[in-house]
Number of protein chains: 2
Amino acid sequence: MRADARRNVDALLRAAATVFDRLGVEAPMRTIAAEAGVGVGTLYRHFPQRSDLVKAIMQREVDNCVVAAATLGGSEPPGAALAEWVQRLVDLASTKRGLGPALHSGDPAYQALPNYVLGQLTPALRGLLDAAAAVGEIRADVDARALLLAAMRLAAPASDGDVDEARRMVALLIDGLRFQASALAKAPPG
Amino acid sequence: MRADARRNVDALLRAAATVFDRLGVEAPMRTIAAEAGVGVGTLYRHFPQRSDLVKAIMQREVDNCVVAAATLGGSEPPGAALAEWVQRLVDLASTKRGLGPALHSGDPAYQALPNYVLGQLTPALRGLLDAAAAVGEIRADVDARALLLAAMRLAAPASDGDVDEARRMVALLIDGLRFQASALAKAPPG
DNA sequence: TTGATAAACGGAACAACGTTCCGTATAAAT
DNA sequence: ATTTATACGGAACGTTGTTCCGTTTATCAA
């Protein structure tokens, strides 16, 4: 790969992050190219679709979340680790302001990104869920992928700056898991 | 108001509902005008903003939800009424496929619609919450508006046809309210 | 260092869409 | 029937997405 190409890819990613934060994911491609100091042709060559740009920007954040799951899982009680990690999803949403609409727009152009995010985060969450379920802190019959999608939806308001409300609602969702665990403990099946 | 104007407003609303369902809320204005058999000028005169169209289409559905809250509240135990009514929000989301992205897009043009929807549905939900809290079935410290927003976010996947998953997650959220109620009963403050 | 070559660049150009504007048509009232 | 206010239609303009190709430039071999 040529040196100028690598430089431009870098500049484009930096520019896109800035512009998306300022104008949202639907910001004009021309604006991103201008911010990066390149022509639109260069932008389209490296990122044929808008979602490619969004994917690249999010990749690092998602990876950070995955390692955080392992860290928390090794240093906290399973229930607490789960509760804390899910709060990190709220941070992710608030950091990458304006990217949420793209994920949930239903536009086929954005199908690739949610799949990547889910593919990375679902196993991380499943590990935390299994650990908490093994010690009876939560119910054991909830699909990790479904819960992840739900939590990310609840984290969306963080993009509007209302981080606290998102935190409360995500915590409420986890409380839902705990309620069923205690209900089953009080009235065991059979 | 002139007769032809009234006819065209009607045709436009019918056409917009059809086209939004087929192509999503971002469907071209030209397409809606063509479907209604009128010029774009007529469309813009009656509905200067896209959100005006969306608002008018949704109004009836929202009103139906409000009367349902009163009906359920009068015929079911408070906790059950709450749980059932929140499931109606899932129906609303699945019926008006493709309109969710507009509500959550953050685009200022759509600010009016969420405000209307929330303004109508929040008091309805608050009534159900108060009744359930009064008999100790749920915790009493959750803001109705915040819970409504959260439930609507969870109901969003219904637009993609996955209604069952949405139902499970919304139910989980309500279980969260019940968990805190039972936790407080077991360990009273003081 | 220089010349050849493949890779990458820039931005003009075209298409699609949102939105406005105004000449024309028509419903309603006299 | 005439008048007039109201509404209509669609051409026209600005913006944005996307493509295409003539030009520039990094890389490497001689």
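Please read all numbers here as calculations on a predicted model, not as lab measurements. Chain A is the first sequence line, chain B the second, and so forth, proteins listed ahead of strands; every chain is numbered from 1.
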When you compare the side chain of [Y] with that of [X], does any pair of heavy atoms fall below 4.5 Å?
X       : Y       : value
L177(B) : F179(A) : no
V9(B)   : R45(B)  : no
L173(A) : L147(A) : yes
F47(B)  : K55(B)  : no
M169(A) : L172(A) : yes
E26(A)  : E26(B)  : no
L89(A)  : L154(A) : no
L53(A)  : L43(A)  : yes

Starting at CZ of F47(B) and ending at C1' of dA7(D), how long is that distance when rounded to a whole Å? 14 Å

Looking at dA8(C), I'd like to know if its phosphate oxygens (OP1 or OP2) sit under 4.0 Å from a side-chain N or O belonging to H46(A). no

Within less than 4.0 Å of OP1 or OP2 of dG10(C), is there a side-chain N or O belonging to T42(A)? yes

Where the side chain of D4(B) is defined as all heavy atoms beyond and including C-beta, which of dG9(D), dA27(C), dT27(D) is the nearest nucleotide? dA27(C)

Sub-4.0 Å heavy-atom contacts from residues 7-15 of chain A onto DNA chain C, ordered by number: N8(A)

For each nucleotide in nucleotides 2-7 of chain C, reading 5' to 3', give B when a protein heavy atom comes within less than 4.0 Å of its base, S when such contact involves only the sugar-phosphate, and - otherwise. ----BB

Pull out every protein N or O sitting under 3.5 Å from an N or O of nucleotides 18-20 of chain C, one pair per line with the distance.
from    : atom 1 : to     : atom 2 : distance (Å)
dG18(C) : OP1    : R50(B) : NH2    : 2.7
dG18(C) : OP2    : M29(B) : N      : 2.9
dG18(C) : N7     : R30(B) : NH1    : 2.5
dG18(C) : O6     : R30(B) : NH2    : 2.7
dT19(C) : OP2    : Y44(B) : OH     : 3.1

R178(A)/D175(A) salt bridge by N-O under 4.0 Å criterion: yes

May I ask you to say whether R145(A) pairs ionically with D143(A), meaning some side-chain N is under 4.0 Å from a carboxylate O? no

